[in-house]
Amino acid sequence: MSTGDGIHGACAPEFARVRTVFENNFARGLETGAAITVYLGDEPVVDLWGGTADRRIGRPWERDTPCLAFSCTKAITAAAALRVAERGGHDLKAPVGDWWPEFTAAGKGRTTGEDLLAHRAGLPAFARPVGAREAVDPAAMATLLAEQAPLWEPGSAHGYHALTYGWLAGEIVRRLDGRTVGEYVADEFAGPLGLDLWVGAPDGVIQRAARLAPGSSGSGASRPAPASSPSADNPVARMNRDVADPDSLLSRAMNRPEVASLPGGYDNPVVLSAGWPAAGVVTTASGLAGFYRDLLAGRIVSPATLRDAVVPRSHGPDRVLGIDSAFGLGFMRPSLAFALPRAAQQTAFGHTGAGGSIGLADLEREVAIGYVMNQTGAELSGGIRAMRLVKAVYDCLG
C-alpha cells in the first residue's frame with residue numbers, strides 16, 4: 001500500500017507513530033529515498049519505503065532497493081568473527097599472534113582477538129595513504145596493519161577504527177575459517193536465512209542499488225562552530241573540525257583507503273564489489289533488520305555468545321572521535337557516539353553508519369530495527385533522522 005505522499009509499505013496500527021515520523025522526514029526534505037523495517041520477535045511490524053533511489057533518472061525506491069550502509073557493516077563482520085570463534089572453540093581473549101604470527105611485529109604481541117573487535121588495537125588508521133583499488137585485497141590490507149606500530153599499547157585504550165576495523169576483525173574470519181568476511185556472511189547466514197545483505201555486492205545488486213545523494217545541513221548534522229563561539233571547543237565541534245583537517249587522526253582514519261578520487265566515490269563498483277568489512281555492506285532495510293532479528297533469535301550465534309558480546313569492553317573518551325563511545329565485541333552500546341532513547345539505554349545494541357543509517361536490536365524487548373537511506377548527512381555515525389525513528393519505535397513499545 002502507499003500513501004498520497006509516496007510512502008509505501010505496511011505498518012501495524014500500534015506502530016503508526018513510526019510511519020508519522022518517517023513521512024515527516026520526507027516532508028521536511030530530509031530524505032531523498034529511504035526505508036525502515038522493524039521486527040518484534042519474528043513479526044514484521046513496520047516495513048516502509050519511499051522516495052527516489054537514483055535522482056539522476058528518477059528511479060523510485062522499491063521495497064527491495066539495496067543501499068550502502070557504511071559502518072553498519074562492522075556489526076555483521078563482528079557476528080561472523082564471533083560465529084567462527086564459537087564454532088571453532090577459539091578463545092578471543094588469547095593473543096592474536098597464536099593464529100596470526102606476523103601481527104606480533106612492532107610491539108603488538110599482547111593484542112587479543114577482543115582488542116581487535118573492541119577498537120582497542122591501536123591501529124585506527126593506515127600509516128600511509130592507501131588507494132581504493134589497493135584495498136580490494138584483504139590480505140594486503142591485513143599485511144600492512146600487521147607490520148604497523150600501534151599508536152597506543154593495545155588493550156590500554158580505545159579509539160574508533162573507522163576502516164581498519166574490517167581488516168583486523170576480518171582476519172579472525174579469514175585466518176581461522178579460510179573465507180573472506182563477504183564469503184562467510186553469504187554462505188553462513190545471509191544466504192541460508194534469506195537476508196538481502198552483501199559484504200561485496202554482485203553486479204546485479206550494484207545495478208539496482210540506491211545512489212548516494214549528499215544532503216544539506218537539514219540532515220541534522222552538527223557543524224563546526226566558529227572559533228569565537230562559546231561552543232567552539234565542545235567535543236562535537238572539535239570532532240567536526242578534525243574531519244575537515246586532512247592531517248588529523250580522525251581524518252586519516254576516515255579517508256584511508258581514499259575514495260574521493262574514484263568516479264562516483266562510494267557508488268563506484270570498485271568499492272561496492274570489494275566488500276570492505278568495516279564499511280562495505282549493501283543491504284535493504286529488511287535485510288539489516290532481519291540480521292538483528294536473527295541475532296536475537298540465536299540463528300547466527302548462541303544467545304550466550306551474543307549476551308557476552310554486547311558487554312562493553314571499551315567505554316569513555318575515544319582517542320579518535322574525541323567524544324565518549326562504547327563498544328562490546330563489535331557492537332556499539334549507548335554513548336554520546338550512539339545516542340539512544342532512555343528506554344533503550346540498558347539493553348539495546350547495534351551499529352550506525354556514516355551519513356545516517358542504523359541497525360539496532362534490544363535483548364529484552366526483542367525488537368530489531370533496520371533503517372537505510374541515500375541522502376547522506378555529515379554525521380559520522382547515525383543522525384537525527386535515525387534517532388527520531390528509533391525513539392518512535394520505543395514510544396510505540398510503551
Side-chain angles (χ1 to χ4, degrees), residues 1-28 30-31 33-51 61-65 67 69 72 75 193-197 220 283-300 303 306-307 310 331-334 338-352 356-373 382-398:
M1 59 179 290
S2 67
T3 60
D5 54 11
I7 302 303
H8 304 266
C11 183
E14 61 270 31
F15 285 85
R17 172 65 180 160
V18 180
R19 178 190 285 275
T20 298
V21 173
F22 189 65
E23 291 174 344
N24 183 256
N25 282 343
F26 277 93
R28 297 176 62 189
L30 303 180
E31 301 284 20
I36 180 171
T37 299
V38 180
Y39 284 96
L40 192 56
D42 282 342
E43 183 72 21
V45 292
V46 177
D47 192 20
L48 301 171
W49 64 92
W61 194 294
E62 308 287 352
R63 183 181 186 276
D64 63 350
T65 294
C67 187
C72 291
L193 296 172
L195 302 177
D196 284 340
L197 59 84
T283 183
T284 62
S286 60
L288 187 58
F291 162 74
Y292 282 96
R293 172 202 64 200
D294 293 336
L295 263 181
L296 291 176
R299 300 183 187 112
I300 295 175
L306 179 61
R307 285 187 173 271
V310 303
F331 302 106
M332 298 182 88
R333 295 303 311 275
F338 188 44
L340 295 177
R342 183 181 301 274
Q345 292 290 315
Q346 298 301 314
T347 53
F349 66 95
H351 216 291
T352 55
S357 53
I358 191 170
L360 179 145
D362 192 304
L363 287 166
E364 299 303 323
R365 294 174 178 264
E366 297 186 338
V367 65
I369 304 170
Y371 162 70
V372 297
M373 77 301 125
I384 194 167
R385 292 167 294 171
M387 294 308 140
R388 284 173 176 159
L389 288 165
V390 171
K391 184 178 185 304
V393 171
Y394 274 85
D395 288 346
C396 295
L397 289 170

Measuring from atom CH2 of Trp49 to atom CD1 of Ile7, what distance do you get when rounded to the nearest 0.5 angstrom? 10.5 Å
Name all residues meeting the side chain to side chain contact (heavy atoms under 4.5 Å, CB included) criterion together with Ala339; count only those two or more places apart in sequence or in a different chain, and write none if there are none. none
For Val46 and Phe22: C-alpha separation, side-chain torsions, deciding distance, then whether side-chain contact (heavy atoms from CB on, under 4.5 Å) applies. CA-CA 11 Å; Val46 177; Phe22 189 65; over 6 Å; no
Using modelled atom types and a 3.5 Å cut-off, is there a donor and acceptor pairing between side-chain atoms of Arg17 and backbone atoms of Asp395? no
Under 3.5 Å, is there a donor-acceptor pair between the side chain of Arg333 and the main chain of Val310? yes
Taking all heavy atoms of Ile369 and all of Ala289, pick out the closest pair and write down the distance. C-CB, 3.9 Å
Kindly indicate, with the supporting measurements, whether the criterion side-chain contact (heavy atoms from CB on, under 4.5 Å) is fulfilled by Thr283 and Cys72. CA-CA 10 Å; Thr283 183; Cys72 291; over 6 Å; no
Check against side-chain contact (heavy atoms from CB on, under 4.5 Å), Tyr371 and Val390: CA-CA 9 Å; Tyr371 162 70; Val390 171; over 6 Å; no
Provide the closest heavy-atom pair for Cys11 versus Leu48 in the form atom of the first, atom of the second, distance. CB-CD2, 4.3 Å
Nearest heavy-atom approach of Leu340 to Ala348 is CD1-CB, 3.8 Å
Taking side-chain hydrogen bond (donor to acceptor under 3.5 Å, both in side chains) as the test, write out the residues that go with Arg293, two or more places apart. Tyr39
Holding to side chain to side chain contact (heavy atoms under 4.5 Å, CB included), I want the full list of residues that pass it with Thr284, two or more places apart in sequence or in another chain. Pro66, Asp196, Ser286
To the nearest 0.5 angstrom, please state how far the CG atom of Leu360 sits from the CE atom of Met387. 8.0 Å
CD1 on Ile36 to CZ on Phe15, rounded to 0.5 Å: 10.5 Å
Reported CZ-to-OH distance for the pair Phe349 and Tyr292, which is rounded to 0.5 angstrom: 7.0 Å
Show your working on side-chain contact (heavy atoms from CB on, under 4.5 Å) between Tyr394 and Val367 and close with a plain yes or no. CA-CA 9 Å; Tyr394 274 85; Val367 65; 4.1 Å; yes
Tell me, do Asp362 and Leu397 make a side-chain contact under 4.5 Å, heavy atoms counted? no
For Gln346, is the CD atom crowded, meaning more than 12 foreign heavy atoms sit under 6.0 Å from it? no
Residues Pro334 and Ala344: closest non-hydrogen pair is CG-O, 4.0 Å
Between CZ of Phe26 and CE of Met373, what distance do you get to the nearest 0.5 Å? 11.0 Å
Please determine whether the number of non-hydrogen atoms from other residues, nucleotides or ligands lying under 6.0 Å from atom CZ of Arg63 exceeds 12. no
Side chains of Lys391 and Pro341 in contact at under 4.5 Å (non-hydrogen atoms): yes
Please report the shortest heavy-atom distance between Val372 and Ala69, naming the atom on each side. CG1-CB, 4.3 Å
Might you point out which heavy atoms bring Pro303 and Gly298 nearest each other, and give the distance in Å? CD-CA, 4.3 Å
Output the distance between atom CG (Asn24) and atom CG (Leu30), rounded to the nearest 0.5 Å. 7.5 Å
